[in-house]
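Here is how names work: the chains are called A, B, and so on, in the same order as the sequence lines, proteins then strands, and each is numbered from 1.
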Amino acid sequence: MKLTLKVWRQKSANDKGKIETYPIDNISEHMSFLEMMDVLNEQLITEGKIPVSFDHDCREGICGMCSMHINGEPHGPDRGVATCQLHMRKFKDGDTIYIEPFRAKGFPIIKDLVVDRSAFDRIQHAGGFVSVNTSGNTQDANALPIPKADADTAFDSATCIGCGACVAACKNASAMLFVSAKVSQFSLLPQGKVEAKRRVLHMVEQMDKEGFGNCTNTGACEVECPKGISLENIARMNREYLKASVSSSK
Amino acid sequence: MATLDAKIPAGPIKDKWTKHKNDINLVNPANKRLIDIIVVGTGLAGGAAAASLAEMGYSVKAFCFQDSPRRAHSIAAQGGINAAKNYQNDGDSIYRLFYDTVKGGDYRSREANVYRLAEVSGNIIDQCVAQGVPFAREYGGLLDNRSFGGVLVSRTFYAKGQTGQQLLLGAYSAMNRQIGKGKIKMYNRHEMLELVKVDGKARGIIARNLVTGAVESHSAHAVVIASGGYGNVFFLSTNAMGSNTTAAWRVHKKGAYFANPCYTQIHPTCIPRSGDYQSKLTLMSESLRNDGRIWVPKNIDDIEAIRSGKIKPVQIAEENRDYYLERRYPAFGNLVPRDVASRAAKERCDAGYGVNATGEAVYLDFASAIKRYGKEKAIVTGEENPSDSRIIELGEGVIEDKYGNLFQMYEKITDDNPYKTPMQIYPAVHYTMGGIWVDYNLMTSVPGCYAAGEANFSDHGANRLGASALMQGLADGYFVLPYTIGDYLADDIRTGEIPTDSTEFKEAEEAVKARITKFMDNKGTKSVDHFHKLLGKIMWDKVGMARNEKHLKEAIAEIRVVREEFYKNVLIPGGAMELNPELEKALRVEDFLELGELFACDALARTESCGGHFREESVELDGPQKGEAKRDDTNFAYVSAWEWTGDPGQAKLHKEELEFNDIELKQRSYK
């Protein structure tokens with residue numbers, strides 16, 4: 001198929017940036033969106049132009065590195081997938097496709113479609129862990145039975161790939177879904193209980209410091225999340241936060 | 001030809017590791033903070049090592065090329081992690097895991113290392129559970145297990161089809177705790193481009209900041225390479241796009257021997273390629289072979305009808321299907337090891353029975369499992385006389401619980417519904433058993449330079465069993481390297497900080513800058529991918545699943561031509577002092593082009609067939625094993641460790657003879 005691509009080009013963090021138009025032809029419906037971008041870049045290189053920079057790595061929807069805003073949606077029109085698993089069969093011959101970076105105060109642009117998501121790492125540094133040292137003498141794994149339902153729900157929260165689509169989809173650029181997924185995973189498991197208060201207070205404090213907005217329950221994050229992380233996580237984090245705030249002075 | 005000393009401790013195999021840990025030198029806690037360790041790569045091995053070393057008190061500097069350590073490609077591992085816990089009471093033990101791993105590796109791994117791996121496997125599960133890794137559980141709240149190819153017990157722990165993700169996020173969380181404390185300094189979006197040696201010892205690295213383009217010197221008392229495997233030498237593989245050999249290859253060029261480069265795992269269950277634009281291949285977890293049956297049509301007429309779309313696979317009657325793994329290997333059936341399953345698929349497709357347009361696909365069919373599970377479920381839930389469609393509905397629910405995310409991924413990529421029609425699969429490059437040669441302490445042949453995880457060579461021999469990669473990465477990172485590195489560092493407590501203004505650092509930095517300038521100034525016309533694809537095609541066609549002397553010699557000559565052409569004609573747009581993905585790729589492909597040649601030379605020198613390395617000249621000619629791979633223990637029971645001499649085609653071979661004292665070498669039969 002034949003497409004018109006409108007791609008955000010920005011040389012560096014300080015450059016103003018603008019949309020450039022690129023016509024592209026011979027795109028197969030079996031291609032992934034990123035393979036279509038590869039074709040565009042090969043074309044640009046042949047024409048002596050600078051190819052479009054974009055983040056990507058595993059190309060199977062699990063590393064969370066790819067991050068485009070496609071036709072106004074993070075990871076594009078398909079549901080339950082990252083950009084790398086979006087296929088061109090979701091588009092029609094003759095379509096115009098707008099491709100922009102994730103936009104949020106907490107995710108400054110580095111170049112073209114590449115943004116800096118290190119704020120997510122810093123939120124995890126603040127408390128996204130159980131404080132256990134490596135040791136050959138931790139207790140036997142089966143000494144701590146965990147109800148299957150709790151383990152399964154914790155797993156669902158833990159499948160977050162940290163891509164940042166939730167932030168990009170939110171009108172407040174809120175990171176609540178991302179942060180609450182980690183808080184939920186540990187609050188559902190006995191291993192995480194000991195540090196529960198400290199964890200939620202510190203992670204939320206860091207989240208605010210990074211400039212992410214608050215949650216106003218629009219639910220856009222849940223819709224765009226490639227892993228289907230549920231809004232229930234935010235409710236759970238709010239409960240954890242309230243509990244920790246009234247019962248602890250850190 | 002020199003022989004190599006692997007420094008395997010003396011004594012009975014079951015006591016070696018304990019005794020060794022008691023014998024080696026320790027570093028006083030107060031001195032550990034004066035010692036810097038660089039860890040390159042933040043996957044299971046690198047992440048676990050960085051976190052553990054920092055917990056012990058060392059000052060760690062960790063590097064990854066991705067934007068966060070959580071993105072390392074360990075994240076994509078699907079199926080599970082082995083451990084000899086014997087929770088299922090099926091007779092599993094450390095010895096049995098050790099035995100299966102050595103046998104599965106076709107007797108080309110180092111016994112002492114594998115035994116240690118099996119010994120610490122249980123600790124890994126304990127450690128991960130303590131970190132809050134949400135493994136699959138049974139209703140009683142205890143951990144669930146499943147079985148994997150090549151073994152007869154259920155010892156695989158898993159978290160749906162996302163085990164690697166959950167284990168990596170566990171290691172990442174342990175790292176985060178140390179980063180928050182300032183014990184790990186994390187360098188994201190940095191790529192190691194050179195190892196720096198001072199007085200013969202590894203003392204630092206040169207890395208490029210991928211955002212600013214700055215070439216930086218970083219010093220340490222020891223350097224750990226945990227940069228993964230080199231499967232992307234084939235261009236198409238299940239590896240991530242950024243996975244590369246550069247850190248490993250640069251260490252090799254500074255004196256570390258490269259072991260068994262030709263041992264590559266071609267994984268049997270991947271989604272077949274669909275066109276020339278294809279950028280990578282996607283794995284479907286081997287766990288699917290627990291319930292999926294592999295087949296192709298028996299009659300060549302049916303093949304043509306299927307390819308032209310006249311009939312659908314579900315219309316082919318049971319008696320007209322060839323379940324070739326069940327036919328050839330009745331004892332293991334669909335659960336034969338990966339190398340055996342891959343070659344069997346290739347054999348059928350080469351014979352003309354491939355089921356898609358390219359002729360490179362076989363079916364993986366869940367219809368029988370869906371019926372079986374549906375019936376079981378109806379009994380459990382007390383439904384009487386369920387209809388066939390109800391049974392299928394119930395069965396599909398069970399399959400969804402087990403493999404839901406894999407089925408969804410398959411459907412997203414192929415637009416086919418695998419609940420209703422069999423999956424199409426074909427083998428693809430997945431894992432590299434070869435890697436940097438290390439001794440028992442995981443130290444390379446460069447003093448102070450270590451290699452862990454897929455980047456080293458030691459535990460999987462010529463073929464890796466399913467669910468063993470995660471085990472080895474975490475064993476190295478959590479439980480082996482943090483101890484063994486202390487033995488070396490005990491001598492460094494008075495050394496003090498290593499300065500980066502020495503001649504050695506300056507020269508290394510200049511050399512890296514010169515390489516970058518050479519690429520930027522090149523007046524070529526072709527993209528980096530153009531050359532990478534050429535290399536990949538040579539590797540797949542001539543150094544792939546089946547190898548012979550003629551093709552290997554051709555491959556070596558052809559790779560040299562591509563390499564020459566690459567230097568002459570590659571075009572790198574943009575500048576060096578900015579984010580420049582084309583420059584990053586060029587620096588990686590440069591190293592793949594050298595590694596590819598050594599890889600082919602290694603395959604040429606090993607005239608036996610073993611594990612993933614199949615030489616067409618070395619097969620059983622008659623008897624019950626007719627047509628199967630023929631190993632040659634008399635002449636090839638050694639590790640090939642290659643020393644860099646300035647040209648990959650002229651590398652010098654060192655042999656580490658493999659001694660098997662606790663396992664009898666036998667023909668690997670899965671019949």
Q | Short N-O contact, B:Glu138 and A:Lys148, less than 4.0 angstrom | A | no
Q) Is there a side-chain hydrogen bond (donor to acceptor under 3.5 Å, both in side chains) between B:Ser279 and A:Arg59 once you walk through the steps? A) CA-CA 9 Å; B:Ser279 60; A:Arg59 295 204 179 188; 2.8 Å; yes
Q. Between A:Asp78 and chain B, which part of the residue has a heavy atom less than 4.5 Å away: side chain, backbone, both or neither?
A. side chain
Q: Please state whether the side chain, the backbone, both or neither of A:Asn41 comes within less than 4.5 Å of a heavy atom of chain B.
A: neither
Q | Toward chain B, the part of A:Leu34 with a non-hydrogen atom under 4.5 Å | A | neither
Q | Proximal component of A:Val81, with respect to chain B [non-hydrogen, under 4.5 Å] | A | side chain
**Q.** Interchain contact, A:Arg89 with chain B, by part (heavy-atom threshold 4.5 Å)
**A.** side chain
(Q) Give the interface residues of residues 71-78 of chain B toward chain A, defined by a heavy-atom separation under 4.5 Å. (A) B:Arg71, B:His73, B:Ile75, B:Ala76, B:Gln78
Q: Measure distances from A:Ser131 to the heavy atoms of chain B and classify the residue's part below 4.5 Å as side chain, backbone, both or neither.
A: both
Q: Below 4.5 Å from any heavy atom of chain B, which atoms of A:Ile45 appear? Answer side chain, backbone, both or neither.
A: both
Q.
Donor-acceptor check, side chain of B:Asp126 to backbone of A:Ala141, threshold 3.5 angstrom: yes or no?
A. yes
Q: Give a yes or no on whether the backbone of A:Gly128 and the side-chain of B:Asn176 come within a donor-acceptor separation of less than 3.5 Å.
A: no
Q. Is any side-chain heavy atom of B:Arg177 less than 4.5 Å from a side-chain heavy atom of A:Val130?
A. no
Q. Considering only heavy atoms, which portion of A:Ile146 lies under 4.5 Å from any heavy atom of chain B: side chain, backbone, both, or neither?
A. both
Q: Please state whether the side chain, the backbone, both or neither of A:Asn142 comes within less than 4.5 Å of a heavy atom of chain B.
A: both
Q: In sequence, state the C-alpha distance, the side-chain angles, and the governing distance for B:Ser527 and A:Glu42, and then conclude on side-chain hydrogen bond (donor to acceptor under 3.5 Å, both in side chains).
A: CA-CA 7 Å; B:Ser527 69; A:Glu42 191 69 35; 2.7 Å; yes
**Q.** Engaged part of A:Phe155 at the chain B interface, taking heavy atoms whose separation is under 4.5 Å
**A.** both
Q.
Less than 4.5 Å to any heavy atom of chain A: does that hold for the side chain of B:Ser274, its backbone, both, or neither?
A. side chain
Q: Could you tell me whether the side chain of B:Gln127 and the main chain of A:Ser135 form a donor-acceptor pair under 3.5 Å?
A: yes
